Structures are given as C-alpha cells and as structure tokens.
Amino acid sequence: MRLIDGKTISDAIKKEIAAEVASLMDKGHRPPHMAAILVGHDGASETYIASKEKNCRAVGMTSSLYRYEENISEKELLEVISFLNDDEEVDGFIVQLPLPRHMDVDRIIAAVDPDKDIDGFHPVNMGRLALGEDAFVPATPCGIMELLKRDGIETSGKKCVVLGRSNIVGTPMALLMSRNNPHANATVTICHSKTADLAAEARQADILVAALGKPGFVTADMVKDGAVVVDVGIHRIADSTKQSGFRLVGDVDFEKVAPKCAAITPVPGGVGPMTIAALLMNTMKAYKKKEKIG
Ligand code: NAP
C-alpha cells in the first residue's frame with residue numbers, strides 16, 4: 001500500500017503558482033485577485049475561508065473577504081454578487097456554502113458571472129463540463145484529477161466507482177473521470193442512497209472515490225484487492241487523546257481498508273489540500289482569461 005500524498009503535491013502546485021505570479025508581476029502585471037463571500041459563522045466554513053486566504057497570500061495573489069451576518073437578506077447578497085461581478089479588480093470569487101435557510105442557493109449561484117465562477121457551481125460551467133468544453137471545474141474533483149495525474153495513477157480503461165452524486169463532488173467527479181482524455185477515460189459508475197447493492201458496485205472498482213459524507217462508511221469488504229481509493233470525506237471525531245479534542249477521519253475506514261489498496265489518500269493530507277490548490281488554479285485561469293494572457 002502506498003499513500004497518495006496530497007499535501008506534498010499541493011505544495012508543489014502552490015510553488016508553481018507562486019513562481020508564475022512572481023513572473024507576471026515582474027512583467028508589470030497586477031496580481032490575480034480572489035474574493036470570497038462568507039455569511040454567518042459556520043465553523044467548517046470559517047476554517048476553509050481562513051485557509052483559502054492564507055494560501056492566496058502565500059502565492060502572491062490578492063485575497064479579499066466580504067463577511068455578513070446570518071440575517072443578510074437574499075436581495076442584499078445578490079447586490080454584493082453583482083458588485084463583485086462588475087469589479088474589474090476581482091478575477092474570481094466564491095460564495096461559501098452552506099448559506100442560511102432563507103436563501104435560495106440556486107438563485108445565488110446562478111447570479112455569479114460564469115467567468116468569475118472559480119467554484120465552478122454555475123449552471124453554465126456545469127453544462128460546459130458535461131459537454132466536455134473548457135469550464136471552471138469544482139475545486140474538489142478538479143483537485144482529485146490533478147492529484148491522480150501527478151501521482152501517476154493510471155485511469156484510462158479503468159473501472160471507477162464514485163460513491164455520492166452531489167453537484168459539488170460526486171457528479172463532476174464522474175463527468176471528469178469519463179472524459180475523453182489520457183488522464184481520464186475511465187468507465188464510471190455513480191452510486192447513491194438508492195443504489196441497490198452499493199458494496200457489490202464498489203468491489204468492482206479499480207478506482208473508488210468515496211464522497212458520501214459518512215465517517216468510516218467504506219469498509220474492507222467493499223474494496224477490491226489492489227484498488228486505488230480516494231477518500232473525499234472529512235469529519236471531526238471526538239478524541240480525548242488529542243490536544244485539540246478531536247481527530248479528522250474520512251468516509252473510508254482507513255485502518256482496515258488501507259492494507260488492501262494499491263494506493264489510498266489519507267485524511268487529513270489527501271484530498272483536502274488539493275481542494276485549495278485547485279481553487280488557486282481556477283483563480284489563475286480566471287485571471288489569465290480576463291487579462292488575455294497565455
Ligand atoms: P452531500 O451533498 O451530502 O452528498 C452526499 C452523497 O452521498 C449524496 O449523493 C447521497 O446520496 C450519498 N449518500 C449519503 N449517504 C449514503 C448512503 N448511506 N448510501 C449511499 N449513498 C449515500 O456531500 P458532498 O458535499 O458531496 O460531500 C461529501 C463528503 O466530502 C463530505 O464528508 C464532505 O465534508 C466532504 N468534502 C470534502 C472536501 C475536501 O476538500 N476534502 C470538499 C467537499 C466535500 P443521495 O443523492 O441519494 O442523497
């Protein structure tokens with residue numbers, strides 16, 4: 001069994017982006033600018049946004065945060081989105097999810113300019129992705145594809161089973177894996193809560209992607225010997241032996257599953273760091289498109 005080291009690979013990507021930003025600035029260009037909108041005080045969202053801001057600055061990009069309390073109205077939020085859409089200084093931005101219950105998430109996502117939609121959630125980008133056209137791809141599946149490519153995992157002709165069909169992970173992951181290119185070309189099955197025999201489907205996988213949001217859901221009996229397992233899940237589990245009082249686990253029962261695998265992503269240090277790296281890649285892409293570079 002080999003660990004797929006998302007931390008090291010994401011560090012390499014960030015170094016490449018930092019070098020590119022520095023080179024652009026040497027040539028007199030402005031730095032790329034990523035903005036984020038955060039509503040409320042969800043703990044996981046706060047952590048993600050803080051990490052995004054830190055990483056943005058570390059690679060030399062400009063980062064700005066628009067913070068609002070839970071009681072901001074949908075109309076006011078749409079006005080902020082409109083402002084960022086029009087702001088020439090902003091290359092791309094995200095609206096951090098989840099949003100408060102009184103918001104229509106689909107309406108909010110649809111209000112983002114597709115050319116600034118670095119989260120890749122806008123229907124135009126999802127449509128372009130489905131058609132195999134150039135698109136902003138949601139950061140987590142985009143990061144996973146980059147991780148597999150850089151780690152040298154063969155996907156072409158392999159059977160890939162994706163557990164979960166969300167719009168932000170499972171569905172785009174399945175689309176990307178089935179695309180006609182040398183770093184995809186897999187035969188893909190998507191499983192969800194209505195799948196008749198999920199364990200039997202999972203056992204067929206050469207590459208198993210677990211994105212269910214259920215800690216330790218994937219057990220050893222669901223995994224074929226020699227499979228590659230990508231664990232997207234991230235959960236805090238209370239652990240009194242840790243100084244923090246918790247440890248992070250994924251959707252895979254790592255201890256039991258890892259010995260059966262050819263390779264597996266750990267939690268933490270697998271998919272998580274790649275999500276941030278992919279968001280930086282998407283920001284660079286939006287910047288270049290806007291500035292007509294490359
Ligand atoms: P989600 O929107 O809750 O979707 C979960 C999917 O799993 C749904 O399609 C659901 O099926 C399916 N599912 C749930 N329980 C199941 C069960 N018992 N049997 C079969 N299918 C089941 O979750 P998500 O946003 O895709 O996220 C998935 C996980 O990835 C979460 O743990 C999340 O925290 C993590 N995540 C990590 C990162 C990262 O950077 N590492 C980024 C994003 C998400 P139905 O459609 O039938 O309901």
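This chain uses plain numbering: 1 for the first residue, then up along the sequence. Whatever order the structure lists them in is the order used to number ligands and atoms, beginning at 1. In this text the structure is predicted, and so the values were computed from the model without any measurement.
Smallest separation of non-hydrogen atoms from Ile168 and Pro141: O-CD, 3.3 Å. The shortest non-hydrogen separation linking Leu84 to Val90 is CD2-CG2, 4.1 Å.
Only side-chain heavy atoms of Lys214 come within less than 4.0 Å of ligand 1; its backbone N, CA, C and O stay farther off. Residue contacts with ligand 1 for Ile168 involve side-chain atoms from C-beta outward but no N, CA, C or O (heavy atoms, distance under 4.0 Å).
With respect to atom 44 (C) of ligand 1, the closest heavy atom belonging to the protein is Val169 CG2, 3.9 Å. Among protein heavy atoms, atom 31 (C) of ligand 1 sits closest to Gly213 CA, 3.4 Å. Looking at atom 36 (N) of ligand 1, its nearest protein heavy atom turns out to be Val232 O, 3.6 Å. For atom 48 (O) of ligand 1, the nearest non-hydrogen atom of the protein is Ser193 OG, 3.7 Å. Protein heavy atom in closest approach to atom 7 (O) of ligand 1: Leu212 CA, 3.4 Å. Considering only non-hydrogen protein atoms, atom 42 (C) of ligand 1 sits nearest to Thr140 OG1, 3.0 Å. Of the protein's non-hydrogen atoms, the one nearest atom 18 (N) of ligand 1 is Phe217 CE1, 3.4 Å. Protein heavy atom in closest approach to atom 26 (O) of ligand 1: Ser166 OG, 2.5 Å.
Glu74 and His102 form no side-chain donor-acceptor contact under 3.5 Å, judged by distance and modelled atom types alone.
Contact check for Glu89 versus Thr62: no side-chain heavy atoms found under the 4.5 Å cut-off. No side-chain heavy atom of Leu208 sits less than 4.5 Å from a side-chain heavy atom of Val230.
Not a single protein heavy atom sits closer than 4.0 Å to atom 10 (C) of ligand 1. Within the 4.0 Å cut-off (strictly below), no protein heavy atom is located near atom 33 (C) of ligand 1.
With respect to the salt-bridge test (charged N to carboxylate O, under 4.0 angstrom), the residues Arg203 and Asp197 do not qualify.
Heavy atoms from other residues, nucleotides or ligands lying under 6.0 Å from NZ of Lys7 number 12 at most.
Going from atom OH of Tyr66 over to atom CZ of Phe93 covers 10.0 Å, rounded to the nearest 0.5 Å.
Some N or O of Arg165 is nearer than 3.5 Å to an N or O of ligand 1, by distance alone.
Proximity to Thr275 (heavy-atom distance under 4.0 Å) selects the following atoms of ligand 1: 39 (C), 40 (O).
Under the 4.5 Å side-chain heavy-atom criterion for ILVMFWY residues, no single connected hydrophobic cluster contains both Ile207 and Leu3.
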